[in-house]
**Q** 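Right, I'll just put the structure down here and ask away after.
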Protein chains: 2
Amino acid sequence: MARPRIKDVARHAGVSEKTVSNVINDYAHVSDRTRQVVREAIEHLGYRVNLAGRHLRRGRTGIIALVVPELDIPYFAELARHVVRAAEERSLTVLIHQSGADRAHELAALAGFGSTFVDGIILSPLALTADDLRDRAGFPPTVLLGELLEEGADHVAIDNEGAAREATRHLIGLGRRTILAVGGRDDAGLGTAQARTRGYRAALSEAGIAYDPAALLPVGSFRMPDGAQAVARALAAGARPDALLCLNDQLALGALRALHEHGVKVPEDVAVIGFDDVEGGRFSVPTLSTVAPDKAAVARVAVQLLQHRIEEATAPDGAESEAQAPQDLVVDHRLVLRESTEGSGRH
Amino acid sequence: MARPRIKDVARHAGVSEKTVSNVINDYAHVSDRTRQVVREAIEHLGYRVNLAGRHLRRGRTGIIALVVPELDIPYFAELARHVVRAAEERSLTVLIHQSGADRAHELAALAGFGSTFVDGIILSPLALTADDLRDRAGFPPTVLLGELLEEGADHVAIDNEGAAREATRHLIGLGRRTILAVGGRDDAGLGTAQARTRGYRAALSEAGIAYDPAALLPVGSFRMPDGAQAVARALAAGARPDALLCLNDQLALGALRALHEHGVKVPEDVAVIGFDDVEGGRFSVPTLSTVAPDKAAVARVAVQLLQHRIEEATAPDGAESEAQAPQDLVVDHRLVLRESTEGSGRH
DNA sequence: CAGCCCATGTACATCGATGTAAAAACTAGC
DNA sequence: GCTAGTTTTTACATCGATGTACATGGGCTG
């Protein structure tokens with residue numbers, strides 16, 4: 001009653017194991033009659049290939065890992081959905097791994113279990129540093145999502161700096177002058193937050209608005225409670241912004257709540273804009289303006305690039321030196337305007 | 001430069017392959033000196049075990065699959081997070097699979113790739129029927145989340161009927177009498193929606209309120225747009241409810257939006273309550289009352305039960321008949337009251 | 001009808017790690 | 001110093017599928 005093996009199918013069909021294997025893998029030179037007999041035996045016994053054996057023999061699993069900081073941050077969940085879909089189209093299965101925004105976990109995913117098990121990794125790093133990524137020997141092919149952490153790594157992202165600049169310009173165009181950046185950071189890091197902050201500063205500078213480092217509201221993580229807390233604290237400290245550039249939609253949704261609790265009207269008193277275009281922002285009160293990355297494209301491009309790298313890596317050794325230069329792909333985004341930035345100023 | 005094998009480590013350390021394997025697997029009878037030498041060789045060569053080989057030999061992967069309808073429904077994302085965490089504590093890796101609420105996909109996950117690859121499956125079925133689950137021969141051990149679809153399958157859930165009864169009672173206690181059930185279904189199905197609808201009807205009946213089948217607002221799926229649309233349509237059709245029991249928080253958040261757009265005040269005119277306690281409901285305007293399942297417990301219990309079943313299934317055949325009866329585990333929930341049901345009626 | 005060719009099918013080795021069984025190396029006891 | 005009893009280590013077979021290299025047989029040509 002144990003699960004049948006290829007051997008059992010072969011015996012049942014009266015052919016060799018290899019012939020069964022040939023049928024399974026659509027090898028060309030199998031007569032129709034043999035194919036038929038084997039198919040029936042497979043059907044009859046309920047045979048299904050054992051991936052352990054195939055993996056051992058072939059050296060590939062057809063599985064790629066997607067490593068994200070937290071699945072319950074909607075942006076990552078939505079991204080995961082797209083990645084799963086894009087992978088499916090290429091006959092790849094996705095193993096989703098949650099790093100907890102923790103450097104050790106991210107490293108473990110890269111170097112540990114994953115490397116011997118998955119053909120490649122799509123990594124959305126939050127805590128990793130460029131140094132961690134430098135020594136990629138022994139890692140499987142990897143594509144990074146988000147800002148470029150390390151020259152020499154493939155990565156896919158939107159133009160974060162440009163997007164933040166556009167969003168900030170839009171706020172300025174509405175007549176807003178005191179714009180806080182929730183989640184902003186102007187340290188030297190290479191992350192997404194820093195890129196968006198650069199765009200924010202660039203827009204201020206273009207418009208001749210003085211930059212005040214206190215306008216960057218630091219957050220512990222990029223979730224609603226952090227956004228609410230940061231804004232509540234700023235208001236309590238006497239800040240009187242007329243706009244908020246929130247570095248993601250979760251922060252923005254938390255900010256909307258905090259503003260509501262303080263009796264501040266959005267967009268009349270304060271305009272709010274976020275990043276990511278998550279579903280929650282399309283139904284919040286008020287609905288949330290946001291920078292919408294083309295998530296489907298991010299996923300599609302990342303999977304495609306990764307598959308390419310995997311094939312490259314498994315190619316006959318002769319072509320080993322053919323490895324292409326790391327790619328640095330930029331995906332479209334657009335500004336989606338909703339109620340939280342409606343109208344053209346106070347009235 | 002290829003990845004080192006156990007053979008290479010053995011040669012380097014001057015011992016047999018099996019000894020290296022013994023060291024890797026913490027086999028007891030290895031002298032300290034040998035262990036030391038082998039460890040150094042492993043370190044030196046950067047060896048890491050190849051899971052394909054191990055899997056083939058051991059017959060287990062240490063991987064379990066979590067199959068959910070849609071990852072970007074926050075409840076499932078939050079659940080996934082807890083499952084990943086619970087699995088980690090038991091040295092299991094989770095492969096997350098998205099079924100798209102599609103029967104074919106759910107079946108494929110059960111019968112297809114998964115079964116030869118993962119040790120077990122945690123499945124949150126939406127579209128599967130009891131029939132699909134009946135013939136589980138050949139499936140790996142499986143634990144279902146949500147309502148019991150099929151006698152004889154392990155499953156973990158909250159008391160959906162009881163929870164819906166409590167929630168509805170609470171609305172009635174607020175003096176509400178015209179309560180719509182968004183997403184409700186009173187067909188004979190065994191799903192979660194039907195169980196919650198039964199609870200809703202039970203509470204109405206207790207209070208002597210007549211049940212009107214038109215109070216069940218059907219939805220295409222359990223997401224915000226569906227909730228918004230269903231409520232908008234009902235209002236347009238002349239419904240004048242004073243409360244909504246939404247079968248999950250996404251529907252409720254969509255409903256809040258629709259009510260807002262129609263100028264209906266929550267909770268003054270209409271009280272709203274949802275299910276799942278997702279983060280979005282803690283920051284919405286108004287904040288959302290909800291039935292909060294103990295998600296961490298659901299995950300913990302499901303993983304534990306699954307691991308138990310896996311061990312049972314891999315046990316020496318002698319004990320094969322020992323398989324325990326299917327378990328039917330109920331996890332705690334509680335009613336969390338927030339702004340959307342505040343106060344005691346109209347004023 | 002002999003001779004070739006090619007489409008089909010087969011035997012065997014192999015991927016990497018680990019269980020089994022037995023050999024080798026120790027230890028202790030007399 | 002030798003034996004019995006343990007520890008430690010090893011050689012070998014094995015898990016399941018598939019690539020390689022070769023055998024087979026039917027069909028076609030001349």
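Order of the sequence lines sets the chain letters (A, B, ...), proteins ahead of strands, with each chain counted from 1.
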**Q** Rounded to whole angstroms, how far apart are NE2 on B:His29 and C1' on C:dT27?
**A** 15 Å

**Q** Measure the OG1-CG distance between B:Thr93 and B:Asp119 for me, rounded to the nearest 0.5 Å.
**A** 10.0 Å

**Q** Is a donor on one side and an acceptor on the other found under 3.5 Å between the side chain of B:Asp154 and the backbone of B:Val143?
**A** no

**Q** Is B:Arg35 reaching over with its side chain to a backbone N or O of B:Val30, donor-acceptor style, under 3.5 angstrom?
**A** yes

**Q** Spell out, as yes or no, whether a donor-acceptor pair under 3.5 Å connects the side chain of B:Gln98 to the backbone of B:Glu70.
**A** no

**Q** Could you check, using the six-membered ring where one of them is a Trp, whether B:His55 and A:His55 have ring centers closer than 6.0 angstrom?
**A** no

**Q** Just checking A:Tyr47: base, sugar-phosphate only, or nothing, at a heavy-atom cut-off of under 4.0 Å?
**A** sugar-phosphate

**Q** Check nucleotides 21-24 of chain C for protein N or O atoms closer than 3.5 Å to its own N or O atoms and list the pairs.
**A**
none

**Q** So what does A:Arg57 hit on the nucleic acid, given a heavy-atom distance under 4.0 Å: a base, only sugar-phosphate, or nothing?
**A** base

**Q** What contact category does A:Thr19 fall into here, base, sugar-phosphate, or nothing, at under 4.0 angstrom with non-hydrogen atoms?
**A** base

**Q** Taking five pairs at each end of the helix from C:dC1-D:dG30 to C:dC30-D:dG1, what angle separates the two helix axes (nearest 10°)?
**A** 40°

**Q** What nucleic acid atoms does A:Val20 come within less than 4.0 Å of, heavy atoms only: base, sugar-phosphate, or nothing?
**A** nothing

**Q** Does A:Arg5 reach a base, just sugar-phosphate, or nothing at all? Heavy atoms under 4.0 Å.
**A** sugar-phosphate

**Q** Does B:Asn25 use its side chain to pair, donor to acceptor, with the backbone of B:Tyr27 at less than 3.5 Å?
**A** no

**Q** With the threshold set at 4.0 Å, does a side-chain nitrogen-carboxylate oxygen contact exist between B:Glu312 and B:Arg309?
**A** yes

**Q** With a strict under 4.0 Å distance from non-hydrogen atoms of chain A, what nucleotide opens and what nucleotide closes the contacted stretch of DNA chain D, reading 5' to 3'?
**A** D:dG16 to D:dT20

**Q** Under 3.5 Å, is there a donor-acceptor pair between the side chain of B:Asp72 and the main chain of A:Ala77?
**A** no

**Q** Mark yes or no for whether A:His155, through its side chain, and A:Gly146, through its backbone, hold a donor-acceptor pair below 3.5 Å.
**A** yes

